[in-house]
Asks: 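Shown below is the structure under consideration.
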Amino acid sequence: MPPVVRFAPSPTGFLHIGGVHTALFNWLYARHEGGEFRLRIENTDTSREVAEASEQIMESLRWLGLDWDGEVTYQLDRMERCKEEAERLVAEGKAYEDEGAIRIRMPDEGSTSWEDLVRGHIEVPSEKLEDLVAVRADGRPTYNFASPVEDWLDGITHVIRGEDHISNTPKQIRVLEALGAPLPEYAHLGNIYGPDGKKLSKRHGAVSVEEFRTAGYYAPALLNYLALLGWSYDDRTEIFSRDDLVRLFTLERVGASPAVFDYDKLNHLNGLYLRALSPEEYADALLAWLREQGYEWDEGLVKKAAPLVQEKIGTLGEFPAFAGFFFDRVAPDPALLDGSGPLLAEARSVLADLEPFDSERVEGSLRELAERQGLKPRQAFQPIRAAVTGSKISPGLFESIELLGREETLARLDAAAGGF
Ligand code: GLU
């Protein structure tokens with residue numbers, strides 16, 4: 001029977017790295033096995049915040065290509081059913097009323113155990129389990145009751161989730177037994193820590209999918225990186241496309257140890273992915289990101305600038321700072337121009353009559369200029385670069401000048417030289 005798994009986020013905000021990691025491992029398991037991946041929102045009210053957070057979570061999953069099967073379900077829609085089940089358990093003597101709440105009896109003796117697909121045998125002595133509040137006095141079912149009820153209703157065969165939930169599992173097993181429901185398999189994934197060994201948080205950098213998207217990470221690279229947190233194929237291979245992951249993923253190769261989120265490694269992977277794109281794919285990814293972020297830069301110019309930056313930046317988010325000078329006038333740091341007025345004026349006059357105005361001729365003429373002035377090329381190019389691009393670091397100077405065009409280049413050289 002093909003497995004049915006679920007991702008069951010609580011809609012409290014943006015989708016966090018830990019959450020999306022759980023979602024990914026569930027999705028990979030389902031897709032590898034030809035099963036189903038369900039999305040269940042564990043909401044306890046219907047506020048606007050919940051609606052927004054749910055939409056955000058779905059948008060993040062869509063961006064990463066983690067498609068779910070069937071309709072999204074909402075925990076709140078099953079509250080009545082949960083209460084009915086709790087009342088049934090009271091009628092059957094498996095639960096009882098206690099100051100208005102309903103509690104399910106936990107065994108007094110023995111233990112509750114399961115074979116965790118990631119961690120092996122786990123056994124919890126019964127003395128650790130208090131009778132579980134299933135429905136609170138105000139009528140609201142608890143998480144530890146609603147969640148297994150829903151797993152049962154949805155025919156969930158494998159519960160794959162973070163290790164934070166290990167302590168809930170014996171209670172949920174007892175709930176399912178009381179309900180007369182079949183038990184799913186359980187697999188508890190390791191936590192994700194920051195480079196300092198503390199739980200991943202804002203202090204470490206971006207932590208939500210949305211933040212990585214805004215920072216210009218490429219979805220397939222982030223997906224690839226997330227898969228490596230706790231899963232490995234052969235301890236060597238690091239680049240896996242979505243299809244590779246689906247083909248190769250198994251729970252046997254998921255480890256129980258915590259993983260460290262290594263931002264440098266992600267950046268490295270992201271750069272590899274971006275550089276491996278065809279020029280057209282790269283330009284499309286860049287345009288899509290710029291549009292999302294609200295930049296209204298000329299599309300044709302973005303496409304022409306794309307090949308000049310593809311080898312040089314590791315995230316799309318670096319583009320505005322690195323190549324924004326193609327779209328907006330620049331204000332170079334005067335320290336970068338210091339004493340270079342005559343050189344800039346000379347560069348202006350050399351470029352004014354250059355025909356045709358292409359990068360090769362621009363390069364030739366500026367090299368000659370440096371030689372005439374007795375300067376090393378780098379010395380001469382630095383102020384020119386600053387005048388034209390506004391910065392010490394830029395895409396190739398000659399290609400940039402060609403793309404900016406004669407008129408704009410001369411205007412910028414004039415403006416920069418004018419200060420001296
Ligand atoms: N809503 C729970 C959470 O976000 C998930 C519980 C589960 O997977 O059983 O941590």
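None of the values given here were measured: they were computed from a predicted structure.
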Asks: Could you please spell out the steps behind the ring pair (Phe, Tyr, Trp, His ring centres under 6.0 Å) verdict for F212 and Y225?
Replies: CA-CA 12 Å; F212 284 102; Y225 182 66; 8.8 Å; no
Asks: Could you tell me whether R48 atom CZ has more than 12 heavy atoms of other residues or ligands within 6.0 Å of it?
Replies: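 For R48, atom CZ is not crowded (no more than 12 foreign heavy atoms under 6.0 Å).
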Asks: Does CD belonging to E296 count more than 12 external heavy atoms closer than 6.0 Å?
Replies: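 It does not: E296 CD has 12 such atoms or fewer within range.
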Asks: Applying salt bridge (charged side-chain N to carboxylate O under 4.0 Å, His left out) to D154 and R78, what does each step give before you reach the verdict?
Replies: CA-CA 11 Å; D154 291 335; R78 273 125 163 218; 2.6 Å; yes
Asks: Are the aromatic rings of F381 and F398 close, with centres under 6.0 Å apart?
Replies: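 Ring centres of F398 and F381 closer than 6.0 Å.
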Asks: With side chain to side chain contact (heavy atoms under 4.5 Å, CB included) as the criterion, how do Y218 and T315 come out once you've worked through the C-alpha distance, each side chain's angles and the decisive distance to 0.1 Å?
Replies: CA-CA 7 Å; Y218 185 59; T315 60; over 6 Å; no
Asks: Can you list the steps and then say if T169 with R161 is a side-chain hydrogen bond (donor to acceptor under 3.5 Å, both in side chains)?
Replies: CA-CA 11 Å; T169 300; R161 58 187 174 191; 2.9 Å; yes
Asks: Knowing that exactly one of Q75, R6, R38 qualifies, which makes a side-chain hydrogen bond (donor to acceptor under 3.5 Å, both in side chains) with E150?
Replies: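 So the option named by the test is Q75.
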Asks: Between Q293 and T214, is there a side-chain heavy-atom distance shorter than 4.5 Å?
Replies: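 With C-beta onward as the side chain, the pair touches.
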Asks: Counting C-beta onward and ignoring hydrogens, is there a side-chain heavy-atom pair between Q56 and E52 closer than 4.5 Å?
Replies: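 SC-SC contact between Q56 and E52 ruled out.
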Asks: Just list the side-chain donor-acceptor pairs under 3.5 Å for residues 383-396, sequence neighbours left out, or say none.
Replies:
{"unit_1": "R385", "atom_1": "NH1", "unit_2": "S394", "atom_2": "OG", "d": "2.7"}
{"unit_1": "R385", "atom_1": "NH1", "unit_2": "P395", "atom_2": "O", "d": "3.4"}
{"unit_1": "T389", "atom_1": "OG1", "unit_2": "R385", "atom_2": "O", "d": "2.8"}
{"unit_1": "T389", "atom_1": "OG1", "unit_2": "S391", "atom_2": "N", "d": "3.2"}
{"unit_1": "T389", "atom_1": "OG1", "unit_2": "S391", "atom_2": "O", "d": "3.2"}
{"unit_1": "S391", "atom_1": "OG", "unit_2": "I393", "atom_2": "N", "d": "2.9"}
{"unit_1": "S391", "atom_1": "OG", "unit_2": "I393", "atom_2": "O", "d": "3.1"}

Asks: Are any of the side-chain heavy atoms of L366 and I401 separated by less than 4.5 Å?
Replies: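 L366 vs I401: side chains touch.
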Asks: Where the side chain of Q379 meets the backbone of K376, is there a donor-acceptor pair that is under 3.5 Å apart?
Replies: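 A pair under 3.5 Å: yes.
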Asks: Side-chain contact, heavy-atom cut-off 4.5 Å: L351 with F357?
Replies: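 Touching, per the 4.5 Å side-chain cut-off.
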Asks: Just checking E360: does its CD atom have more than 12 heavy atoms from other residues, nucleotides or ligands closer to it than 6.0 angstrom?
Replies: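 It does not: E360 CD has 12 such atoms or fewer within range.
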Asks: Using the rule given for salt bridge (charged side-chain N to carboxylate O under 4.0 Å, His left out), can you reason through E355 versus R406, listing the C-alpha separation, both sets of side-chain angles and the distance that settles it, and then say yes or no?
Replies: CA-CA 10 Å; E355 269 315 328; R406 190 194 317 270; 2.9 Å; yes
Asks: If you look only at pairs with a residue in residues 231-241, which of them pass as a salt bridge (charged side-chain N to carboxylate O under 4.0 Å, His left out), with sequence neighbours excluded?
Replies: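 Passing the test, one end in residues 231-241: D234-R236, E238-K265.
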Asks: Measuring from L343:CG to R348:CZ, what's the distance to the nearest 0.5 Å?
Replies: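 If I round to the nearest 0.5 Å, the distance is 14.0 Å.
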Asks: One pair to check against ring pair (Phe, Tyr, Trp, His ring centres under 6.0 Å): F261 and Y263. What are the steps and the verdict?
Replies: CA-CA 6 Å; F261 197 93; Y263 288 87; 4.9 Å; yes
Asks: What I want to check is whether the side chains of R247 and S241 have a donor and an acceptor closer together than 3.5 Å.
Replies: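 The criterion, which ignores hydrogens and geometry beyond distance, is not satisfied for S241 and R247.
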Asks: Please check: side-chain N/O of H32 versus main-chain N/O of V246, any donor-acceptor pairing under 3.5 Å?
Replies: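 Indeed, once roles are kept as given, a pair shorter than 3.5 Å links the two residues.
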Asks: By ring-ring contact (aromatic ring centres under 6.0 Å, His included), which residues pair with F322, not counting sequence neighbours?
Replies: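 F322: no ring-ring contact (aromatic ring centres under 6.0 Å, His included) contacts found.
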Asks: Is the shortest side-chain heavy-atom distance between F14 and E211 below 4.5 Å?
Replies: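 In short, these two side chains do not touch, never coming nearer than 4.5 Å.
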Asks: Working to the nearest 0.5 Å, report the span between CG of N270 and CD of E318.
Replies: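 Reported to 0.5 Å precision, the distance equals 9.0 Å.
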Asks: For a quick check under 3.5 Å, do E123 and H121 share a side-chain donor-acceptor pair by atom type?
Replies: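 E123 vs H121: donor-acceptor pair found between side chains.
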Asks: Looking at Y233, is its backbone amide N or carbonyl O close enough to the side chain of T237 to form a donor-acceptor pair, meaning the two atoms are under 3.5 Å apart?
Replies: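 Not a single qualifying donor-acceptor pair exists.
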Asks: Do H204 side-chain atoms and S201 backbone N/O form a donor-acceptor pair below 3.5 Å?
Replies: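 Yes.
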Asks: Taking CD in E292 as the centre, count heavy atoms belonging to other residues, nucleotides or ligands within less than 6.0 Å. Is the count above 12?
Replies: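 Yes - once you tally the heavy atoms of other residues, nucleotides and ligands closer than 6.0 Å, there are more than 12.
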Asks: Counting the benzene-type ring for Trp, do H268 and Y273 have ring centres under 6.0 Å apart?
Replies: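 That pair fails the under 6.0 Å test.
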Asks: Applying side chain to side chain contact (heavy atoms under 4.5 Å, CB included), run through L245 and W231 and close with a yes or a no.
Replies: CA-CA 10 Å; L245 291 171; W231 173 83; 3.7 Å; yes
Asks: On the 0 to 90° scale, with breaks at 30° and 60°, tag the F25-H21 ring pair as parallel, tilted or perpendicular.
Replies: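 Tilted: the ring planes of F25 and H21 meet at 30° to 60°.
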Asks: What's the verdict on side chain to side chain contact (heavy atoms under 4.5 Å, CB included) for W27 and L39, showing C-alpha distance, side-chain angles and the deciding distance?
Replies: CA-CA 10 Å; W27 181 84; L39 179 59; over 6 Å; no
Asks: Are any of the side-chain heavy atoms of H158 and D151 separated by less than 4.5 Å?
Replies: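 Answer no - side chains too far apart.
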Asks: Decide side chain to side chain contact (heavy atoms under 4.5 Å, CB included) for S400 and F325; before the verdict, give the C-alpha distance in whole Å, the side-chain angles of both, and the deciding distance to 0.1 Å.
Replies: CA-CA 9 Å; S400 297; F325 69 90; 3.7 Å; yes
Asks: If I take atom CG from residue L64 and atom OH from residue Y217, how far apart are they, to the nearest 0.5 angstrom?
Replies: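 Answer for the CG-OH pair, L64 versus Y217, is 14.0 Å.
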Asks: Is the W297-F327 ring centre distance short of 6.0 angstrom?
Replies: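 Yes, they do, as the ring centres are separated by less than 6.0 Å.
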Asks: To the closest 0.5 Å, what do you measure between CZ (R213) and CD (E59)?
Replies: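 R213 atom CZ to E59 atom CD measures 4.5 Å (nearest 0.5 Å).
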Asks: Closer than 3.5 angstrom, by distance alone: can the side chain of R242 be matched with the main-chain N or O of N224 as a donor-acceptor pair?
Replies: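 Not a single qualifying donor-acceptor pair exists.
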Asks: Less than 4.0 angstrom from a charged side-chain N to a carboxylate O is my criterion; do D69 and R31 meet it?
Replies: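 A salt bridge links D69 with R31.
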Asks: Any ion pair linking E402 and R361 (charged N to carboxylate O, less than 4.0 Å)?
Replies: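 No.
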Asks: Are R367 and E363 within salt-bridge range, i.e. N to O under 4.0 Å?
Replies: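 A salt bridge is present here (some side-chain N lies under 4.0 Å from a carboxylate O).
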Asks: Is any side-chain heavy atom of H188 closer than 4.5 Å to one of V118?
Replies: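 The answer is no, as the side chains (C-beta and beyond) never meet within the 4.5 Å cut-off.
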Asks: Is the closest side-chain heavy-atom distance between E36 and V5 below 4.5 Å?
Replies: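 Heavy-atom side-chain distance check fails, nothing below 4.5 Å.
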Asks: Would you say the side-chain atoms of R103 pair up with the backbone N or O of D131, donor to acceptor, closer than 3.5 Å?
Replies: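 Pair found, side chain donor or acceptor close to backbone of D131.
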Asks: Does N26 use its side chain to pair, donor to acceptor, with the backbone of I160 at less than 3.5 Å?
Replies: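 The answer is yes, because a donor-acceptor pair under 3.5 Å joins these two groups.
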Asks: How long is the span from the CD1 atom in I122 to the CZ atom in R119, to the nearest 0.5 Å?
Replies: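 Atom-to-atom, I122:CD1 and R119:CZ are 6.5 Å apart.
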Asks: Step through it carefully: locate the ring centre of F249, locate the ring centre of F240, and say whether they are under 6.0 Å apart.
Replies: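 Not close enough - the centres of the two rings lie 6.0 Å or further apart.
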Asks: Looking at G18, is its backbone amide N or carbonyl O close enough to the side chain of T22 to form a donor-acceptor pair, meaning the two atoms are under 3.5 Å apart?
Replies: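 Answer holds: yes.
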Asks: For the residue pair N144 and T142, confirm or rule out a side-chain donor-acceptor distance under 3.5 Å.
Replies: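 Short answer, no.
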Asks: Nearest 0.5 Å please: distance from the OH atom of Y74 over to the OG1 atom of T44.
Replies: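 Here the interatomic distance stands at 14.0 Å.
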Asks: Considering residues, nucleotides and ligands other than E407, do more than 12 of their heavy atoms fall under 6.0 Å from its CD?
Replies: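 Atom CD in E407 is not packed in, count stays at 12 or less.
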